[in-house]
Asker: 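Provided herewith is a single structure, encoded as structure tokens, for subsequent inquiry.
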Amino acid sequence: MAFALATWNVNSIRVRQDQVLAWLEEHQPDVLALQELKAPSEAFPYEAFRALGYEAAVSGQATYNGVAILSRHPLEAISPDMPGYADTQKRVLAVTVAGIRVVCVYIPNGASLDSDKYTYKLEWLEQFMGYAESILEAYPQTVILGDYNIAPSDADVHDPKAWQGQVLVSEPERAYFKRLLDLGFSDAFRSLSGDLKAYSWWDYRMNAFKRDLGLRIDHILVSAAVMEKARTCFIDKLPRGLERPSDHTPVILELELG
DNA sequence: ATGCCGCCCGTAGGGCGA
């Protein structure tokens, strides 16, 4: 049975609702993880998605952050936030779908290396290491997908020299990403697509999308048991070219479940 | 150059994203 999971930072679910609905109709993934809802849970358009056959688990918040998971299959064991970490920002949501633990993440941006937000990002990532390890122990089949706000290597950066040492590519951030790989997770896109240069985010400014000045910061990390079933992972650039787009575009992973 | 663009809140323009 083919089974597809996707992730998309929509930068406001209110503004992007119609684009997400149209994209779901076309691609019909089994699961879609959303980040940056920028709206409280009660403002989430549950009914519009239900009409397309999708259930939703939502952890929203006014103005900033907010994550959700849409699924064509029953959602079980819905769990927002990281246990034991008092974070006021809604950035994590876990569910179980078809026997797979699916974790939607919106990792902090960090602003710049001298910012308090960067300190928060590194503290948050330290907490997330323990969380990811505990999930993997409890669920051999795990997928952690979302906006990581980390470009893991220079192959994920349009101009590595210009970006050198900056937030999203700094050594401490990349070290945390590598720790996830060391836990046993695979970067599905990199594992299945070789050294292909492809981006999932382009700045709104400076015609960055038209000039393909992007970063690959949205990722689908999978446990070994899921990696065995992974067939293709690709980035759908099309939504980034729509009118009034998100600055991110979807990443899709296709599995073949036994 | 600390802005470029877009969204939120709220109804002007600052905070924030990446």
Asker: Among A:Tyr199, A:Phe185, A:Phe177, A:Trp201, which residue satisfies the ring-ring contact (aromatic ring centres under 6.0 Å, His included) criterion with A:His219?
Answerer: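 So the option named by the test is A:Phe177.
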Asker: Pull out every residue in residues 152-178 of chain A that has a heavy atom closer than 4.0 Å to any atom of DNA chain B, ordered by number, or say none.
Answerer: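 DNA chain B contact set from residues 152-178 of chain A: A:Leu168.
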Asker: Taking atom C1' in both B:dT2 and B:dA18, compute the distance separating them and give it to the nearest angstrom.
Answerer: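 14 Å, rounded to whole Å.
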Asker: Between A:Gly165 and A:Val169, which heavy-atom pair has the shortest distance, and what is it?
Answerer: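 Looking at all heavy atoms of both residues, the shortest contact is N-CG2, 3.9 Å.
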Asker: Is there a chain of hydrophobic side chains (I, L, V, M, F, W, Y, each step under 4.5 Å between heavy atoms) that links A:Leu113 to A:Leu122?
Answerer: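 Same hydrophobic cluster.
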Asker: Taking the side chain as every heavy atom from C-beta outward, state whether A:Val105 and A:Tyr148 have any pair of such atoms under 4.5 Å apart.
Answerer: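 In contact.
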Asker: Roughly, in whole Å, what's the span from CG in A:Asp247 to C1' in B:dC5?
Answerer: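 Result: 9 Å.
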Asker: For a quick check of understanding: with a heavy-atom distance under 4.0 Å over all strands, which category does A:Tyr148 fall into, base, sugar-phosphate or nothing?
Answerer: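 Nothing: the residue A:Tyr148, judged by heavy atoms under 4.0 Å, touches no strand.
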Asker: Regarding A:Asn9, tell me which of base, sugar-phosphate or nothing describes its non-hydrogen contacts under 4.0 Å with the strands shown.
Answerer: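 If one applies the 4.0 Å heavy-atom cut-off, A:Asn9 turns out to touch the sugar-phosphate alone, with no base involved.
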Asker: Measure the distance from CG on A:Asp218 to C1' on B:dG17 and round it to the nearest whole Å.
Answerer: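 Atom CG in A:Asp218 sits about 13 Å away from atom C1' in B:dG17.
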Asker: Could you work out the separation of B:dC7 and B:dA12 based on their C1' atoms and round it to a whole Å?
Answerer: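 Straight-line distance between the two C1' atoms is 15 Å.
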Asker: Table please: side-chain donor-acceptor pairs of residues 31-42 of chain A below 3.5 Å, with sequence neighbours left out.
Answerer:
unit_1: A:Gln35; atom_1: OE1; unit_2: A:Thr7; atom_2: OG1; d: 3.4
unit_1: A:Gln35; atom_1: OE1; unit_2: A:Asn9; atom_2: N; d: 3.3
unit_1: A:Gln35; atom_1: NE2; unit_2: A:Thr7; atom_2: OG1; d: 3.0
unit_1: A:Glu36; atom_1: OE1; unit_2: A:Tyr106; atom_2: OH; d: 3.4
unit_1: A:Glu36; atom_1: OE2; unit_2: A:Asn9; atom_2: ND2; d: 3.1
unit_1: A:Glu36; atom_1: OE2; unit_2: A:Tyr106; atom_2: OH; d: 3.4
unit_1: A:Lys38; atom_1: NZ; unit_2: A:Asn11; atom_2: OD1; d: 2.8
unit_1: A:Ser41; atom_1: OG; unit_2: A:Gly60; atom_2: N; d: 2.8

Asker: Figure out the CD1/C1' separation between A:Ile150 and B:dA18, and round it to whole Å.
Answerer: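 Value for this atom pair: 13 Å.
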Asker: Within the structure provided, determine whether A:Phe128 and A:Ile144 are in side-chain contact (heavy-atom separation under 4.5 Å).
Answerer: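 Yes; the side chains approach each other to less than 4.5 Å.
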Asker: Can you tell me how far C1' of B:dC4 sits from CZ of A:Arg211, to the nearest Å?
Answerer: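 So the two atoms are 11 Å apart, to the nearest Å.
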Asker: Write down the distance between CG (A:Leu213) and P (B:dC5), rounded to a whole number of angstrom.
Answerer: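 So the two atoms are 15 Å apart, to the nearest Å.
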Asker: Hey, does A:Asn109 reach any base, or is it just sugar-phosphate, or nothing, if we go heavy atoms under 4.0 Å?
Answerer: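 Base, at least one base atom sits under 4.0 Å.
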Asker: Are the charged groups of A:Asp154 and A:Lys161 less than 4.0 angstrom apart, N to O?
Answerer: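 No salt bridge links A:Asp154 with A:Lys161.
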Asker: When you compare the side chain of A:His248 with that of A:Val10, does any pair of heavy atoms fall below 4.5 Å?
Answerer: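 No, side chains not in contact.
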Asker: What is the separation between atom CZ on A:Arg205 and atom C1' on B:dG3, rounded to the nearest whole Å?
Answerer: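 In whole Å, B:dG3 C1' lies 7 Å from A:Arg205 CZ.
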Asker: Using a 4.0 Å cut-off on protein heavy atoms (strictly under), produce a 5'-to-3' string for nucleotides 6-16 of chain B with B for base contact, S for backbone-only sugar-phosphate contact, and - for none.
Answerer: SSSS-----BS
Asker: Which value, in whole Å, describes the distance between the C1' atoms of nucleotides B:dG10 and B:dG15?
Answerer: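 One C1' to the other, the span is 14 Å.
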Asker: Counting C-beta onward and ignoring hydrogens, is there a side-chain heavy-atom pair between A:Leu215 and A:Ser200 closer than 4.5 Å?
Answerer: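 Side chain of A:Leu215 against side chain of A:Ser200, heavy atoms only: no contact under 4.5 Å found.
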Asker: Please examine the side chains of A:Asp159 and A:Leu213, heavy atoms only from C-beta on, and report whether any two atoms are closer than 4.5 Å.
Answerer: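 No, too far: nothing below the 4.5 Å cut-off.
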Asker: Hey, does the side chain of A:Asn207 come within less than 4.0 Å of B:dC5's phosphate (OP1/OP2), counting only N and O?
Answerer: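 For B:dC5, neither OP1 nor OP2 has a side-chain N or O of A:Asn207 closer than 4.0 Å.
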Asker: B:dT11 and B:dG6: how far apart are their P atoms, nearest whole angstrom?
Answerer: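 It works out to 24 Å between them.
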Asker: Can you tell me how far P in B:dG13 sits from the matching atom in B:dA1, rounded to whole Å?
Answerer: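 Roughly 27 Å separates the two P atoms.
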Asker: Suppose you measure atom C1' in B:dG3 against the same atom in B:dC16; what distance do you get, rounded to whole Å?
Answerer: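 Those two atoms are separated by 15 Å.
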